[in-house]
Amino acid sequence: MNSCPTANNQEVCASGRVVYVVSGSDDNGIARAEELARRAYSRLLKLPVQISTPPKGGINRDLLSHIDAASMLDDFYTVIGTRQGEGGVVVSKLPESVDFATTLTNRVANFVPVDSITDILPRVDSYCQTIGIYPESLVGKI
């Protein structure tokens, strides 16, 4: 939902942890969300150090255990990156965020494919401090 999912390794309020992707939640939509995640991961690796650095000491162990479990559930998730502690993206294959979304940090985001921007509204809760919408043309549709 936020525009910069990696600023300061997600330790600031403008850093996204869960990114809802209006790609569709069918197989084609999930494939589009996975492609976007691969592109985001590629860009993550090229971020300048003044924006974000790889996590010192890698991804914390608790988060890594959640990611490892998700990677074994390939009917529900696709995990991109995270193997060298550099960060990555967990793509949900259902229109729900991962159950460990509140622990996402260390440059790890969850991409959630949805059918419509209005599908996101019920998911806005007390953990949402900053919401970014792109492209701007979607703003008037909620």
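Just so it is clear, the values below take in all heavy atoms, side chains as well, and ignore hydrogens, waters and symmetry mates. Note that the coordinates shown come from a computational prediction; the quantities given were computed from them, not determined experimentally.
- Here the straight-line distance linking atom CG of Asn60 with atom OG1 of Thr103 works out to 7.5 Å at 0.5 Å rounding.
- In the hydrophobic clustering of ILVMFWY residues, with side-chain heavy atoms under 4.5 Å counting as a link, Val98 and Ile30 come out apart.
- Annotation: side chain of Leu64 is not in contact with side chain of Asp62 (no heavy-atom distance under 4.5 Å).
- Between the side chain of Arg107 and the backbone N or O of Gly88 there is no donor-acceptor pair closer than 3.5 Å.
- The main-chain N or O of Ser23 is found under 3.5 Å from a side-chain atom of Arg32 such that the two form a donor-acceptor pair.
- Contact of the Leu63 side chain with the Leu104 side chain is registered, since non-hydrogen atoms from C-beta on lie closer than 4.5 Å.
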| field | Evaluation steps, side-chain contact (heavy atoms from CB on, under 4.5 Å), between Thr105 and Arg17 | value | CA-CA 7 Å; Thr105 190; Arg17 299 173 197 295; 4.0 Å; yes
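- Between the Arg123 side chain and the Asp119 main chain, a donor and an acceptor come within less than 3.5 Å of each other.
- With respect to Arg38 and Glu35, a salt bridge is recorded, a charged nitrogen being found less than 4.0 Å from a carboxylate O.
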| request: Could you walk me through whether Asn110 and Ser92 pass the side chain to side chain donor-acceptor pair (under 3.5 Å) test, one step at a time? | output: CA-CA 7 Å; Asn110 175 209; Ser92 296; 3.0 Å; yes
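- In this structure, CZ in Phe111 is found 13.5 Å from OG in Ser97, a value given to the nearest 0.5 Å.
- Contact between Ala101 and Val18 at its shortest, heavy atoms only, is CB-CG2, 3.7 Å.
- If you take CD1 on Ile59 and CD1 on Ile67, they are separated by 4.5 Å, rounding to the nearest 0.5 Å.
- A 4.5 Å side-chain heavy-atom check between Ile120 and Val114 finds at least one atom pair inside the cut-off.
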Sequence neighbours excluded and cut-off under 3.5 Å, please list the side-chain donor-acceptor pairs for residues 75-83, or say none.
from: Thr78; atom 1: OG1; to: Glu34; atom 2: OE2; distance (Å): 2.5
from: Arg83; atom 1: NH1; to: Asp68; atom 2: OD1; distance (Å): 3.1
from: Arg83; atom 1: NH2; to: Asp68; atom 2: OD1; distance (Å): 3.0

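- Connection of Leu45 to Val89 is established within a shared hydrophobic cluster, with ILVMFWY side chains joined at heavy-atom distances below 4.5 Å, either directly or through further cluster members.
- With values rounded to the nearest 0.5 angstrom, Asp99 atom CG is found 7.0 Å from His66 atom NE2.
- Annotation: side chain of Tyr20 is not in contact with side chain of Pro95 (no heavy-atom distance under 4.5 Å).
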